[in-house]
Amino acid sequence: MFADIIIDISHEQLDKTFQYNIPDELRDIVKIGSLVNIPFGRANKMIQGYVINMGEEAKYPVEKIKYIDSLVTDKVGLAGEMIELAYWIKKNYGSTMNQALKTVIPVKDKVSQKEKKSVCLNVPVDEAKAMLDTFLKKNAKAKYRLVEALIEEEIIDMSIIKSKLNISASTIKSLEDDEIIKINSEEYYRNPVPRRNMFGKNVELNPEQRQAADLIKKDIDENVYRTYLLHGITGSGKTEVYLDVIEKVIESGKQVIMLIPEIALTLQTVQRFYYRFGDKVSILNSKMSKGERYDQFLRSMRGEISVIIGPRSALFTPFPNLGLIVIDEEHEGAYKSDKTPRYHARPVAIHIAKKKQIPVILGSATPSVDSYERALNGEYKLITLTKRAGDAKLPKVYVEDMRDELRAGNRSVFSRRLKTLISDRLEKKEQIMLFLNKRGYAGFISCRSCGHVMKCPHCDVSLTAHNNGKLICHYCGYEQENVTTCPECGSKYIAGFRAGTQALEKLLKREYPNARVLRMDTDTTKNKGGHERILECFANHEADILVGTQMIVKGHDFPDVTLVGIVAADMSLYASDYKAPEKTFQLLTQSAGRAGRGKSLGEVVIQSYTPDHYSIQTAAHQDFRGFFDQEISYRKLLGYPPILNMLKVTLSSPNEEALDRASTSLKERADKVNNSIVLGPTKANIYKINDIFSKVIYIRNKEYGKLSSVYENLDNFVIGNPLFKNVLVNYDFNE
Ligand code: ADP
Ligand code: ZN
Ligand code: ZN
């Protein structure tokens with residue numbers, strides 16, 4: 001028996017397989033997906049590799065084929081079916097096989113399980129009773145206490161014996177040596193979810209929800225496997241629909257993968273699942289320890305949990321009998337990996353589901369243009385929820401034109417209407433959320449006399465002013481003291497455009513000295529649980545106003561928030577990417593949707609300098625269809641995804657000349673491959689980061705398959721080509 005092994009060295013040139021002989025003693029142990037130790041090269045250096053194929057035919061003279069040394073025991077191998085998935089990802093997203101294999105392994109290191117020790121008697125109870133006398137006579141009080149306790153209670157936890165009974169390790173040891181007691185140790189799982197206040201409520205599905213859930217369940221009964229797009233306005237109760245379908249899947253003995261954007265993985269969300277399914281639920285997130293992650297992996301593999309809730313990587317949970325994948329907030333950018341392979345969870349989930357013959361549910365109040373287009377084409381089955389669940393009503397939305405404010409002499413960050421409404425809510429003791437749209441924006445320092453902007457000397461971006469008096473580059477970490485005069489013209493009118501969350505918080509404290517203000521952004525949520533603490537604090541009414549970035553949009557339901565203010569709505573419209581209007585619409589709709597989830601009517605103020613833009617107008621009316629129709633007509637006109645598929649090739653180098661030569665030759669090569677549309681090379685959005693220059697080439701084709709063949713062709717051209725010696729090439733599909 002022979003094995004084809006791919007070597008675990010992250011080097012492109014080594015992305016090929018080597019054949020090894022499987023020794024007899026490993027015959028039953030080594031499988032496709034196993035990670036093994038093998039002697040490699042002339043020096044027979046011991047290295048690791050994954051078995052990706054097995055067969056009985058030798059590809060070389062048998063005496064030249066080396067033997068596998070052993071199985072790697074401290075790292076996780078792969079389930080065999082994951083090899084196919086890795087290959088699919090490699091082909092569709094552009095990466096080496098090794099990178100793809102690493103992607104589909106949800107945890108890498110094995111971490112030994114924690115042990116729990118307990119003590120019981122090792123002699124019959126009568127014998128133990130008889131011993132008590134002897135202990136008394138010898139004045140062995142500790143031994144007496146322990147044996148007496150064990151006669152009362154069969155098994156006692158080691159921790160209790162040490163703390164409550166106050167018995168020393170030496171006493172325990174001595175009793176164990178005399179074979180009077182026995183110490184049991186049991187492995188247990190690290191549990192990532194704190195079991196405190198697990199409350200919830202049982203809701204009865206409303207007719208719309210019922211219909212949605214029944215449709216999917218009927219398909220499951222009839223073995224019809226589809227991808228559903230559940231489009232339900234904010235607060236329409238999509239989660240209850242998922243729960244209803246999930247219950248059915250669990251009852252049939254299968255397991256469920258539930259993807260949520262990491263940021264929405266709050267205790268509140270998880271609690272709804274716990275309340276319904278108890279211990280059968282577990283979570284994965286990036287702040288968990290290695291041990292916690294490994295234990296959830298083991299529990300899933302052993303079929304001990306039925307629902308795993310987690311971010312994109314939870315897709316690779318090795319369940320024995322997967323029955324459903326749900327992707328909540330399917331429009332979220334976080335579902336796309338920012339490392340090679342730059343896969344998107346949605347197509348990967350659909351690929352897995354097709355192989356396994358199971359359904360996928362995509363849910364959102366603001367579906368991605370891509371998914372909605374596919375739903376209209378009939379590729380996905382569209383299900384709509386049009387009403388808010390329970391008693392909640394949609395909020396009333398005002399769009400305030402900030403240019404008018406300036407004309408009326410109001411120079412504040414807050415419009416007159418927002419100010420009036422904030423005072424009103426503070427008086428009524430209702431809660432307020434203020435949302436700063438910071439996408440694509442940095443709080444830069446500019447000179448009002450000459451227009452000079454303080455920039456990072458290593459990157460093509462402006463520096464951001466921080467409270468500690470420093471200017472910081474968010475790309476490379478460069479720091480310098482803030483300036484008091486302009487380095488260009490000497491003017492002292494150099495200052496920041498005040499629109500960061502910190503500045504907003506300060507301003508609020510000045511204008512409303514009695515209001516209790518909480519701030520949530522990447523600075524205040526760095527620590528494990530930081531994000532959670534702030535949300536809980538706000539939920540408990542320990543603050544009146546919550547100020548934050550897009551982070552505050554997700555994951556928590558605050559029934560007492562009756563006012564949402566979006567301070568700078570159009571900031572994200574200026575980001576130079578074709579998805580800017582879509583992202584702006586999503587952010588505005590989602591944040592407006594935070595208002596009025598309880599019994600009282602909510603109000604929303606959207607402040608904008610471009611109030612007539614269709615993203616803002618349609619968001620103000622919670623009009624998804626209006627937005628979509630407008631947006632898809634632009635995409636058709638310009639040939640952007642999902643109308644055409646797009647491959648973005650980014651070339652980077654510290655040497656501008658080398659970069660120019662390489663990108664020109666790559667563009668020429670791309671022109672020759674097939675009839676794809678090739679644009680560029682042009683300078684990247686941010687041309688210089690950390691003294692590395694980047695250029696991009698865009699390649700478009702109606703057929704995705706044609707684009708992946710362009711990728712393969714370019715990749716072959718680049719590997720080993722001296723023109724690319726100092727140039728890094730990255731591939732990104734549909735971005
Ligand atoms: P979505 O995910 O669509 O934004 P959720 O599932 O979070 O909506 O539901 C919003 C709120 O409405 C939650 O507090 C939920 O408990 C409540 N809810 C959902 N369905 C019902 C129902 N049928 N009856 C009463 N309340 C409901
Ligand atoms: Zn100046
Ligand atoms: Zn920098």
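Starting from 1, each residue takes its place in the sequence as its number. Atoms within each ligand, like the ligands themselves, are counted from 1 in listed order.
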Selection from K238, K387, E329 by shortest heavy-atom distance to atom 3 (O) of ligand 1: K238
Can you sort out which atoms of ligand 1 are near L205, meaning under 4.0 Å from one of its heavy atoms? 23 (N)
Ionic contact status for R210 with E204, cut-off 4.0 Å: no
Using a strict cut-off of less than 4.0 Å between a Lys/Arg side-chain nitrogen and an Asp/Glu carboxylate oxygen, indicate whether E400 and R416 qualify as a salt bridge. no
The atoms of ligand 1 lying under 4.0 Å from a heavy atom of T239, numbered in the order shown, are 2 (O), 6 (O), 7 (O)
Has H621 got more than 12 heavy atoms of other residues, nucleotides or ligands less than 6.0 Å from its NE2? no
At a 4.0 Å threshold, what atoms of ligand 1 neighbour a non-hydrogen atom of N206? 23 (N)
Between K248 and D221 (salt bridge meaning N to carboxylate O under 4.0 Å), is one present in this structure? yes
Note, D219 side chain near Y225 side chain (heavy atom, < 4.5 Å): no
Give a yes or no on whether a salt bridge exists between D544 and R425, defined as a side-chain N under 4.0 angstrom from a carboxylate O. no
Check this for me: Q211, atom CD, are more than 12 non-hydrogen atoms of other residues, nucleotides or ligands nearer than 6.0 Å? no
For ligand 1, which atoms, with element, lie under 4.0 Å from some heavy atom of R272? 5 (P), 6 (O), 7 (O), 9 (O), 15 (C)
Numbering the atoms of ligand 1 from 1, which are under 4.0 Å from a heavy atom of E240? 6 (O), 19 (C), 20 (N)
Should the pair R635 and Y640 be classed as cation-pi, given the thresholds of under 6.0 Å to the six-membered ring centre and 45° from the axis? no
Heavy-atom contact check, 4.0 Å cutoff: does S236 meet ligand 1? yes
Can you check which of G593, G237, A389 brings a heavy atom nearest to atom 27 (C) of ligand 1? A389
Checking F628, F585, Y634 against Y614 for ring-ring contact (aromatic ring centres under 6.0 Å, His included), the one that qualifies is Y634
If you have a sec, work out which protein heavy atom is nearest atom 16 (O) of ligand 1 and how many Å separate them, to one decimal? K201 CE, 3.1 Å
Residue, atom name and distance, where the atom is the protein heavy atom closest to atom 20 (N) of ligand 1: Q209 NE2, 3.0 Å
of all protein heavy atoms, closest to atom 14 (O) of ligand 1 is D557 OD2, 2.8 Å
So is R388 touching ligand 1 or not, going by heavy atoms under 4.0 Å? no
Atom indices of ligand 1, in the order listed, that fall short of 4.0 Å to a heavy atom of E204: 22 (C), 23 (N), 24 (N)
Nearest-contact summary for atom 4 (O) of ligand 1 - protein heavy atom, Å: G235 N, 3.0 Å
